[in-house]
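For reference, the structure is listed below as structure tokens.
Positions are given from 1 along the sequence. We use all heavy atoms of the structure for the numbers below, so side chains are in, but hydrogens, waters and symmetry mates are not.
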Amino acid sequence: MRPPSFPSTSLLTKTKQIVVCNDGSPSSRCHVFSPCRLRVLVSFVIVALVYMELRPYLRAASILPSEEEIFVVNGGRLSSVAASSGMQARPERCLWVVVGTFRDHFDCVVRLLESFEKFLLQSRETCFLLVVSDEQERQQFSALPFRFPRLNLKVQNMEKLAHEILKFADFSSEAYLSNYGKYNYQSLKKYIGLKYVQHIARRSPDRFRADFIVSLDSESFALRPFSFLNWTFEHSSNRRLFYLENCRPGTGLGLMKYLIPSPGWLLEYYQWIYEDRILDDLTEFMSANSFDWFKLSTDPGNLIFIEVFYYSFLFNKNSENNYGYSFLSSLQTFLNVNNITEDQLKAYVPAIYGRANFLEDTRVHVRSQFPLFTRWLTTFYQHYSLRTFKPEDDPSIWEFLKESRSIQVVVSDPAEALYSKAMTGFFNDGTYMSPF
């Protein structure tokens with residue numbers, strides 16, 4: 001009688017078959033594997049594990065469009081190719097947030113996106129457009145959609161858009177900045193971004209919207225959970241702009257200051273929401289009056305701040321075009337809400353009238369030596385549900401921002417210490433509210 005044979009336990013066996021039994025003895029339940037089959041099985045398991053680990057990044061990469069495509073991201077994150085193949089996206093259309101930036105603000109953009117990834121609600125219905133200066137910068141920023149796969153993010157080259165959207169020939173970002181200065185340059189970059197997302201929304205109206213477009217500077221970040229969709233809903237329900245009368249009325253209008261009278265300084269509050277039809281009317285007005293981006297200069301009286309430009313046009317055409325906006329004096333509303341007189345305010349904070357603006361510069365007086373003023377400012381922000389604030393680098397600001405819970409985003413290059421504090425949940429009472 002031949003002695004019984006036993007299966008080899010090594011995967012490196014040179015036998016043609018490996019017999020594996022549940023109890024180590026011959027059985028009809030034994031499974032026969034060839035070494036080749038085992039290698040395939042092990043390889044499949046390894047690939048599956050690697051895929052599970054990299055899935056979020058692969059998912060982001062799969063939606064990145066080619067230069068000819070428009071990306072679609074409403075929850076299903078479909079490219080235009082995927083959409084045309086019959087895949088269905090969610091019915092919500094994507095709201096655009098335009099951020100003009102450049103290479104030196106790369107870290108600021110990362111900070112902004114990190115805060116949005118943590119605090120932004122309804123992120124699947126929000127799309128971000130980063131407008132950078134040139135192709136070299138586009139390459140520098142191109143990895144960000146992979147780094148933040150939960151955000152719907154696109155990076156575009158200003159020079160390319162200037163040619164495609166505004167039909168500028170041989171446009172150079174570097175030359176324009178050198179010849180016309182940073183304020184005109186920044187305004188042109190924002191304007192190009194706004195016109196580009198209008199173009200996208202009209203090309204794919206079932207997937208994108210441009211009725212409202214939010215604009216932000218890259219030196220911004222979130223303090224607590226918020227929603228850009230809620231911003232636009234609030235805005236549509238109560239269209240209002242704050243201004244300070246008798247203050248720099250012509251500044252920021254450039255060549256249009258002779259055609260667009262201004263009530264005063266219109267850059268008092270940094271929540272910039274543009275409307276599609278008003279942008280169209282402004283573009284038509286610019287064309288009818290031969291406005292030329294290449295006839296501006298670095299002279300203070302010939303600069304463009306696109307926000308002031310837009311608001312001044314809106315102020316002048318508000319009744320004629322039935323835009324439905326109310327214009328509020330920032331100083332008078334502040335006094336009224338707090339039931340104080342101008343003399344009382346001036347007596348308490350004498351230096352407040354030494355500034356060029358009022359609401360824009362209230363941050364300067366949020367200090368421990370002015371607790372009453374800080375309380376007045378909190379009351380004002382809470383009363384009007386104001387969502388953005390331009391802070392100073394002072395610890396007194398922290399307590400003000402914590403108490404003023406209507407403020408959701410800080411703008412205009414806030415300090416790194418404030419950002420670190422925000423990311424701990426300090427301004428959300430230490431609680432973390434996930435948007436996902």
request  = List the steps, then state whether side-chain contact (heavy atoms from CB on, under 4.5 Å) holds for I407 with L223.
outcome  = CA-CA 8 Å; I407 299 173; L223 295 177; 4.1 Å; yes
task = Ignoring hydrogens and angles, state whether a donor on the side chain of K189 or S173 is under 3.5 Å from an acceptor on the partner side chain.
result = no
task = Begin with the C-alpha distance, continue with both residues' side-chain angles, and end with the deciding distance and a verdict on salt bridge (charged side-chain N to carboxylate O under 4.0 Å, His left out) for R375 and E403.
result = CA-CA 9 Å; R375 193 174 73 197; E403 291 299 318; over 6 Å; no
request  = Please report the shortest heavy-atom distance between N318 and G324, naming the atom on each side.
outcome  = OD1-N, 3.3 Å
task = Quick one: list whatever passes side-chain contact (heavy atoms from CB on, under 4.5 Å) with D107, sequence neighbours left out.
result = none
note = In this structure, CG of L335 is separated from OG of S329 (nearest 0.5 Å) by 8.0 Å
ask   = Say you draw a straight line from CG of L216 to CD1 of I273; how long is it, rounded to the nearest 0.5 Å?
value = 9.5 Å
ask   = Y269 versus T388: any side-chain heavy-atom pair under 4.5 Å?
value = yes
From CZ (R150) to CG (L113), nearest 0.5 Å = 14.0 Å
query = Going through the distances and angles, do Q408 and W231 end up as a side-chain contact (heavy atoms from CB on, under 4.5 Å)?
reply = CA-CA 10 Å; Q408 298 168 339; W231 281 20; 2.8 Å; yes
key: Exam field: side chain E268 to backbone E360, donor-acceptor pair closer than 3.5 Å   = yes
query = Is the F208 to W96 ring centre distance short of 6.0 Å?
reply = yes
Heavy-atom closest contact (R405 atom, N428 atom, distance) = NH2-OD1, 3.6 Å
query = Does S204 reach the main-chain N or O of D206 with its side chain, forming a donor-acceptor pair under 3.5 Å?
reply = no
N289 side chain vs F291 backbone, donor-acceptor pair below 3.5 Å = no
remark   = Value for CZ (R103) from OG1 (T101), rounded to nearest 0.5 Å, stands at 10.5 Å
message = Once side-chain contact (heavy atoms from CB on, under 4.5 Å) is applied, do any residues pair with E174, and if so which ones, sequence neighbours excluded?
response = S172
ask   = Is K160 close to R138 at the side-chain level, that is, under 4.5 Å between some pair of heavy atoms?
value = no
message = I want to check a possible cation-pi pair here: R224 against F427, using under 6.0 Å from ring centre and within 45° of the ring axis as the test.
response = no
query = Distance-only, no hydrogens or angles: does the S142 side chain make a donor-acceptor pair with backbone N or O of Q139 under 3.5 Å?
reply = yes
ask   = Quick check: does any side chain N or O of S262 sit under 3.5 Å from a backbone N or O of G264, one acting as donor and the other as acceptor?
value = yes
key: L177/K182 under side-chain contact (heavy atoms from CB on, under 4.5 Å): CA gap, chis, key distance, verdict   = CA-CA 6 Å; L177 176 61; K182 71 173 186 177; 4.0 Å; yes
message = Pair M286, W293 - check side-chain contact (heavy atoms from CB on, under 4.5 Å), show working.
response = CA-CA 10 Å; M286 293 164 68; W293 287 96; 3.8 Å; yes
ask   = How many angstroms lie between atom CZ of F102 and atom CE of M158, to the nearest 0.5 angstrom?
value = 12.5 Å
task = Provide the closest heavy-atom pair for I397 versus R363 in the form atom of the first, atom of the second, distance.
result = CD1-O, 4.0 Å
message = Can you pull out every salt bridge (charged side-chain N to carboxylate O under 4.0 Å, His left out) where at least one residue sits in residues 287-304? Sequence neighbours excluded, please.
response = none
key: Nearest atoms (heavy-atom pairs only) where L296 meets L255   = CD2-CG, 4.1 Å
query = Would W272 and Y274 satisfy ring pair (Phe, Tyr, Trp, His ring centres under 6.0 Å), going step by step from the backbone distance to the final call?
reply = CA-CA 7 Å; W272 302 324; Y274 296 84; 8.1 Å; no
message = Salt bridge check, K317 against D281: does any charged N sit closer than 4.0 Å to a carboxylate O?
response = no
message = Determine whether a donor-acceptor pair (N or O, by modelled atom type, separation under 3.5 Å) exists between the side chain of S287 and the backbone of E284.
response = no
request  = May I ask you to check whether over 12 heavy atoms, not counting those of F233, lie within 6.0 Å of atom CZ?
outcome  = no
Please output the side-chain donor-acceptor pairs of residues 304-316 that fall under 3.5 Å, not counting sequence neighbours, one pair per line with the distance.
unit_1 : atom_1 : unit_2 : atom_2 : d
E307   : OE2    : K190   : NZ     : 2.6
Y310   : OH     : E275   : N      : 2.9
S312   : OG     : V308   : O      : 2.9
N316   : ND2    : P261   : O      : 2.5
N316   : ND2    : S312   : O      : 2.8

note = Between D276 and the options K195, R202, R209, the salt bridge (charged side-chain N to carboxylate O under 4.0 Å, His left out) test singles out R202
task = Go through the structure and list residues passing side-chain hydrogen bond (donor to acceptor under 3.5 Å, both in side chains) with D393, not counting sequence neighbours.
result = none
query = Side chains of D280 and Q198: donor-acceptor distance under 3.5 Å anywhere?
reply = yes
request  = Any chance you could measure F106, atom CZ, to L130, atom CG, to the nearest 0.5 Å?
outcome  = 10.0 Å
inquiry  = Applying ring pair (Phe, Tyr, Trp, His ring centres under 6.0 Å) to F221 and F116, what does each step give before you reach the verdict?
reply    = CA-CA 7 Å; F221 57 79; F116 288 173; 9.3 Å; no
ask   = Is there a donor-acceptor contact under 3.5 Å from the side chain of S404 to the main chain of L401?
value = no
F228 and F128 aromatic ring geometry - parallel, tilted or perpendicular at 30°/60° bounds = perpendicular
request  = Measure centre to centre between the rings of F334 and F242, then say whether the value is under 6.0 Å.
outcome  = no
Pair F389 + Y381: ring centers closer than 6.0 Å = yes
Mutual orientation of the aromatic rings belonging to F171 and Y176 [parallel < 30°, tilted 30-60°, perpendicular > 60°] = tilted
message = Looking at K402 and E399, is any side-chain nitrogen of the basic one under 4.0 Å from a carboxylate oxygen of the acidic one?
response = no
query = Where do N230 and Q122 come nearest, in terms of heavy atoms and distance?
reply = N-OE1, 4.5 Å
ask   = Do L244 and L331 come within less than 4.5 Å of each other through their side chains, counting heavy atoms only?
value = yes
key: L161 backbone acceptor or donor facing Q156 side chain under 3.5 Å   = no
S115 (side chain) donor-acceptor with L112 (main chain) under 3.5 angstrom = yes
ask   = Taking 4.0 angstrom as the limit, do R387 and E234 come out as a salt bridge?
value = yes
ask   = For Y183, does the OH atom sit with more than 12 other heavy atoms under 6.0 Å from it, leaving out its own atoms?
value = no
ask   = Is the centre of the W398 ring less than 6.0 Å from the centre of the F400 ring?
value = no
query = Partners of H235 by side-chain hydrogen bond (donor to acceptor under 3.5 Å, both in side chains), sequence neighbours excluded?
reply = Y325
Test item: H105 side-chain N/O and S218 main-chain N/O as donor-acceptor pair under 3.5 Å = no
query = What closest approach, in Å, do S220 and V409 show between heavy atoms, and which atom pair accounts for it?
reply = CB-CG1, 4.3 Å
